[in-house]
K.L.:
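Quick one: the structure is below, questions incoming.
Below, chains carry the letters A, B, ... as their sequence lines are ordered, and counting in each starts from 1.
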Number of protein chains: 2
Amino acid sequence: MNEEKVITLNSLAKACADCHLQDVCLPIGISRKDMQRLDDIIKRKRPLPAGQALFRQGEDFRALYAIRSGSFKSVVYENNGRESINAFHFPGEILGLDSISERSCPSSAISLETSSVCELPFEELEELAQHIKGLQHQLLRIMSREIKAEDAFLRSLTHRSADQRLASFIINLAERRGNHGYSNHEFKLAMSRSDIANYLGLAVETISRLFTRFQNEGLLEIRRKKLKILKPEALMVTARTGSDSDKPDSNLAK
Amino acid sequence: MNEEKVITLNSLAKACADCHLQDVCLPIGISRKDMQRLDDIIKRKRPLPAGQALFRQGEDFRALYAIRSGSFKSVVYENNGRESINAFHFPGEILGLDSISERSCPSSAISLETSSVCELPFEELEELAQHIKGLQHQLLRIMSREIKAEDAFLRSLTHRSADQRLASFIINLAERRGNHGYSNHEFKLAMSRSDIANYLGLAVETISRLFTRFQNEGLLEIRRKKLKILKPEALMVTARTGSDSDKPDSNLAK
DNA sequence: CGATTACTTGAGCTACATCAACCGTGGTGG
DNA sequence: CCACCACGGTTGATGTAGCTCAAGTAATCG
């Protein structure tokens with residue numbers, strides 16, 4: 001039914017050298033020989049069904065995970081009982097970077113659909129990085145990118161109205177998808193409306209209303225989970241300035 | 001007039017080995033000998049007056065900076081002309097971690113008061129990390145901690161009401177301050193109200209009103225920039241549940 | 001010492017949350 | 001194969017937190 005399954009099966013036993021994600025994943029700029037060494041410590045796990053935890057908040061931190069196919073949400077269960085969705089993760093991205101500083105995982109990773117990952121035992125990875133200059137560099141680079149990307153996105157949220165948030169979110173998804181050679185204007189939303197609402201800090205009803213509004217305005221087409229972006233530019237304008245584009249943005253401007 | 005100046009003068013020429021921040025800064029868990037090597041690449045810069053840029057958005061990335069005294073804000077000038085405050089930084093923290101993945105700095109660092117830093121030229125640092133196992137580990141740890149801390153904080157913002165945001169912010173400041181052996185219940189707010197408003201995604205007026213409300217409620221005392229926390233527990237309750245503590249938190253609960 | 005800038009306070013308005021009802025879809029069992 | 005239920009999603013009505021606009025006061029600076 002879906003392309004993910006095919007990819008999963010195809011690449012299950014494959015090495016980094018053959019992986020179609022290698023140019024966004026860890027082994028960028030690493031020699032053939034070193035890649036082999038990296039390969040040796042990587043454990044390729046079998047596909048995880050939807051709704052399963054790859055790791056849970058509070059567990060001991062042992063490994064990073066590179067996503068090969070599917071998608072995940074990181075969930076934090078807060079002290080007040082709420083659960084808060086920290087991030088969504090897609091193929092080529094690394095899960096667990098926020099666990100390194102602690103002994104235990106600060107969040108759970110839950111699959112949103114059937115997904116497969118490469119497990120990177122951290123101790124071995126760190127040991128290896130000590131000997132492969134490119135790997136150390138790449139680890140630092142990815143972590144930095146992670147800081148920057150999430151930060152920028154979350155940051156933009158607190159400053160933005162609901163329509164700006166949702167528009168930014170959609171564009172963000174499309175871009176991340178585009179990075180990996182998939183269509184960046186038509187794709188499936190793996191997460192539920194309430195996941196989106198939680199992530200964006202809005203009510204489910206607001207998400208729903210906005211989707212229908214965006215659709216009425218001809219910005220996109222959405223039916224259930226299938227999303228097609230019709231006017232990317234207009235969507236980006238909405239992300240930047242909100243629906244009301246003639247308003248000069250009084251607050252926060254310098 | 002203020003203690004910062006004294007510290008600055010005291011430690012201007014001092015090595016990591018003598019620095020009172022060494023147990024939160026980079027050289028944790030590094031041998032005496034290795035610390036010397038780290039020391040050799042560090043450039044100690046002279047104090048920066050308030051309101052100056054340590055580095056500017058768009059500049060080439062060359063170095064990380066460890067803050068010895070004072071404080072900074074990271075500012076991003078967005079494409080729509082707004083300026084958005086990403087973070088505040090205090091002694092013992094590292095500036096520039098978000099620049100590593102790019103060639104240029106994604107944000108500017110502006111001093112909020114007279115501040116001094118240690119410059120860590122990145123190429124040399126990375127080279128050194130290749131040879132000092134503890135240093136590599138420490139770099140990764142700090143970056144991970146950074147991801148987690150900022151993320152958790154920003155995340156909490158989008159889900160929280162104005163009073164929760166401000167209360168969390170104050171607690172956050174107090175904790176970071178407490179980490180370094182200073183009083184954690186009485187300190188100076190280095191940043192302006194509008195900086196706070198910008199950072200928290202609120203209007204200046206709201207910040208002002210909340211400060212007076214918190215004061216009326218006896219949670220704290222604030223006069224201009226001088227802040228004294230009177231009821232830390234009550235403040236934490238506000239941070240978690242908002243002013244209205246008998247409300248059962250309907251949304252987002254699972 | 002006037003002028004500029006930072007902060008406070010008040011009044012009204014709006015965007016979004018909340019509450020509630022309803023609808024479509026997919027799953028299950030008869 | 002249909003009837004039913006459960007659940008995710010949509011839509012409508014209403015309340016309110018916090019933004020905006022406006023004006024006043026206190027601190028800072030030349």
K.L.:
Can you figure out which of C:dC16, D:dT11, C:dC7 approaches the side chain of A:T206 most closely?
P.N.:
C:dC16
K.L.:
Cut-off 3.5 Å, side chains only: do B:T158 and A:T158 have a donor facing an acceptor?
P.N.:
no
K.L.:
Rounding to an integer number of Å, can you tell me how far A:F214 CZ sits from D:dT10 P?
P.N.:
13 Å
K.L.:
Rounded to the Å, how far apart are A:R160 CZ and D:dG18 C1'?
P.N.:
19 Å
K.L.:
Partners of B:Q57 by side-chain hydrogen bond (donor to acceptor under 3.5 Å, both in side chains), sequence neighbours excluded?
P.N.:
none
K.L.:
Is there a donor-acceptor pair under 3.5 Å between the side chain of A:T238 and the backbone N or O of A:A167?
P.N.:
no
K.L.:
Just how far, in rounded Å, is C1' of D:dA26 from CZ of B:F211?
P.N.:
17 Å
K.L.:
Say whether, by atom type as modelled, one donor and one acceptor occur between the side chain of A:Q164 and the main chain of A:R240 under 3.5 angstrom.
P.N.:
yes
K.L.:
Which protein N or O atoms sit under 3.5 Å from an N or O of nucleotides 12-15 of chain D?
P.N.:
residue	atom	partner	partner atom	Å
D:dG12	N7	A:R209	NH1	2.8
D:dG12	O6	A:R209	NH2	3.2
D:dA13	N6	A:R209	NH2	3.4

K.L.:
Output the rounded distance in Å from CG (B:L157) to C1' (D:dG18).
P.N.:
15 Å
K.L.:
Listed by chain and number, what are the side-chain hydrogen bond (donor to acceptor under 3.5 Å, both in side chains) partners of B:S71, not counting sequence neighbours?
P.N.:
B:E113
K.L.:
Under 4.0 Å from OP1 or OP2 of D:dG8: is there any side-chain N or O of A:S192 that close?
P.N.:
no
K.L.:
Rounding to an integer number of Å, can you tell me how far B:R193 CZ sits from C:dT5 C1'?
P.N.:
14 Å
K.L.:
For B:I207 and C:dT9, what is the distance between atoms CD1 and P respectively, to the nearest whole Å?
P.N.:
14 Å
K.L.:
Between A:S161 and C:dA15, is there a contact of a side-chain N or O with OP1 or OP2 at under 4.0 Å?
P.N.:
no
K.L.:
If you look only at distance, which donor and acceptor atoms sit under 3.5 Å apart when one is on a side chain in residues 223-237 of chain B and the other is two or more places apart or in another chain?
P.N.:
residue	atom	partner	partner atom	Å
B:K225	NZ	B:M191	O	3.4

K.L.:
Please list, chain by chain and in numerical order, all residues satisfying ring-ring contact (aromatic ring centres under 6.0 Å, His included) with A:Y65, sequence neighbours excluded.
P.N.:
A:F55
K.L.:
The criterion is salt bridge (charged side-chain N to carboxylate O under 4.0 Å, His left out); which residues satisfy it with A:R213, sequence neighbours excluded?
P.N.:
A:D163, A:E217
K.L.:
What pairs with B:A53 under side-chain contact (heavy atoms from CB on, under 4.5 Å), at least two apart in sequence or on another chain?
P.N.:
B:R56, B:I110
K.L.:
Report the residues that fulfil salt bridge (charged side-chain N to carboxylate O under 4.0 Å, His left out) with B:E102, sequence neighbours left out, ordered by chain and then residue number.
P.N.:
A:K148
K.L.:
B:S168: what forms a side-chain contact (heavy atoms from CB on, under 4.5 Å) with it, not counting sequence neighbours?
P.N.:
B:F153, B:R160, B:A239
K.L.:
Under 4.0 Å between a side-chain N/O of A:T212 and OP1 or OP2 of D:dT11, yes or no?
P.N.:
yes
K.L.:
Atom CG of B:L210 and atom P of D:dA17: how far apart are they, to the nearest Å?
P.N.:
12 Å
K.L.:
How close or far is atom C1' of C:dC7 from atom CG of B:L227, stated in whole angstroms?
P.N.:
15 Å
K.L.:
Among residues 215-226 of chain A, which residues get a heavy atom nearer than 4.0 Å to DNA chain D?
P.N.:
A:R224, A:K225
K.L.:
Any salt bridge (Lys or Arg N to Asp or Glu O under 4.0 Å) involving residues 194-207 of chain A? Give me the pairs, sequence neighbours left out, ordered by first then second residue.
P.N.:
A:K73-A:D195
K.L.:
Could you give the angle between the helix axes at the two ends of the helix from C:dC1-D:dG30 to C:dG30-D:dC1, with five pairs per end, rounded to 10 degrees?
P.N.:
40°
